[in-house]
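Notes follow once the structure below has been shown.
Starting from 1, each residue takes its place in the sequence as its number. As the structure lists them, so they are numbered: ligands from 1, and atoms in each ligand from 1.
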Amino acid sequence: MKTYILSAVSGLALVAASAAIADPEAEVLHYWTSGGEAKSVAVLQEEFAANGGTWTDMPVAGGGGDAAMTALRARVLSGNAPTAVQLKGPAIQEWYEEGVLADISSVAEANNWDAVLPASIAGHMKCEGTWCAAPVNVHRVDWIWANASVLEANGIEMPTTWDEFNAAAEKLQAAGIIPLAHGGQAWQDATVFEAVALGILGPDGYRKAFVDLDMDTIKSDEMKAVFDQMRTMRGFVDDNFSGRDWNLATAMVMNGEAAFQIMGDWAKGEFMAAGKAPGEDFLCASTPGDGFLYNVDSFAMFNVDGEDKKAGQELLAKLVVGENFQEVFNLNKGSIPARTDVSLDAFDQCATLSASDMNASSEGGSLLPSYAHGMALRGAQAGAITDTVTAHFNSDMSADDAVNMLADAIANSM
Ligand code: GAL
């Protein structure tokens, strides 16, 4: 009897010890491959390694993550899901509904995520009440970036209305400068489109169109005005824009070939990685109009076998919401921390503007999810809108036809 108890106890101890000593491992699928992005993800790789983890990198190049999401689908369908995936917005819930996401509630509860994250962000990370993703940051999408000396040399201020933007762009064009650095990829067209839409429709109109999919707003004259402004902006882009990556467009602003770029603040990560200083080399301002379009990067963990992988998921989830990571990663990435208790003392003027605008827009009801970056809608609806936006931008389609196509595409995607 005595011997039996002893061996049962030592057996338990062995199980406990092997769980505790499982070396954390993670294969991480992400699309952070540009200069600023690679510097940012290296922060996580280093913290993971410093805590005993082994990181297997699975980067899938392609801004906005379309290629990464295709790679993810193939991996999950073949029964070989990665341990952790850069995933965000309603796509998290879509994968949860497939029954393939791991529950990270124990990490979230042990680390008090409910107390340190704003409710709006926490909401995106939960699936039927359980925690199914860990947030990394808050990126703002509705930004305009500019080369400071190009603007100064041409006597141009940062535009505060779309008419001012158009006037500045015409002046720059006449001076032989490309007004708008843009990469002709569907997600980049969508990024510019939603910033223009926020400005012209206003926050309430944006919400009706891209959160509620309200057909009256989608077919409205204001929506036609959004497409007309897109047509005007197409004229401010150089002839070689087709297929250009977003970070190459940022480089055009850096080197003075182009004046402006409309892009989320991952563009700031590029400027910073190249040693450029905000307020001196480059300028940041929100795009004309009220409101704030947020884009929260996060990691979701997929169901995998093996104590080492599970330990890797727990460690990764804990680290990404940790205070140190939230500060250092976001200093590199161009975003601001998702946690509300991280000091912004080390952050620059663009980041502090982002934080104060986010708080003000949250109070004023104009803090809105980015549709172009997968925060507002499920994949089918967001895809239907982007298809229309890109078809219009790359043809001579009229605004009337674009609005009709938009309404049909959304209706067919439901
Ligand atoms: C966004 C993503 C950012 C950045 C950008 C360019 O959708 O949230 O973290 O990676 O795409 O790829």
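The protein heavy-atom contact nearest to atom 12 (O) of ligand 1 is G64 N, 2.9 Å. For atom 3 (C) of ligand 1, the nearest protein heavy atom (residue, atom name, distance) is K333 NZ, 3.5 Å.
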Distance-only donor-acceptor pairs under 3.5 Å for side chains of residues 94-102, two or more places apart:
{"from": "E94", "atom 1": "OE1", "to": "G379", "atom 2": "N", "distance (Å)": "3.4"}
{"from": "Y96", "atom 1": "OH", "to": "E128", "atom 2": "OE1", "distance (Å)": "2.9"}
{"from": "E97", "atom 1": "OE1", "to": "R378", "atom 2": "NH1", "distance (Å)": "3.1"}
{"from": "E97", "atom 1": "OE2", "to": "R378", "atom 2": "NH2", "distance (Å)": "2.9"}

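The shortest N or O to N or O distance between W187 and ligand 1 is not under 3.5 Å.
Closest approach of W113 to A133, counting heavy atoms only: CZ3-O, 3.7 Å.
Among the candidates N295, T287, D357, D265, the single residue satisfying the side-chain hydrogen bond (donor to acceptor under 3.5 Å, both in side chains) test with R140 is D357.
Heavy-atom contacts of H373 reach the following atoms of ligand 1: 1 (C), 7 (O) (cutoff under 4.0 Å). Below 4.0 Å from some heavy atom of G63 lie the following atoms of ligand 1, by number and element: 12 (O). For ligand 1, the atoms sitting less than 4.0 Å from at least one non-hydrogen atom of N295 are 1 (C), 2 (C), 7 (O), 8 (O), numbered in the order shown with element in parentheses.
Within a 6.0 Å sphere centred on CD of E152, heavy atoms belonging to other residues, nucleotides or ligands number 12 at most.
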CA sep, side-chain torsions, deciding dist, call: D400, K219, salt bridge (Lys or Arg N to Asp or Glu O under 4.0 Å) = CA-CA 9 Å; D400 278 332; K219 292 191 210 158; over 6 Å; no

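Looking at residues two or more places apart in sequence or on another chain, you find a side chain to side chain contact (heavy atoms under 4.5 Å, CB included) between K310 and Q313.
Taking all heavy atoms of K88, H139, E37, Q86 into account, the minimum distance to atom 7 (O) of ligand 1 is reached by K88.
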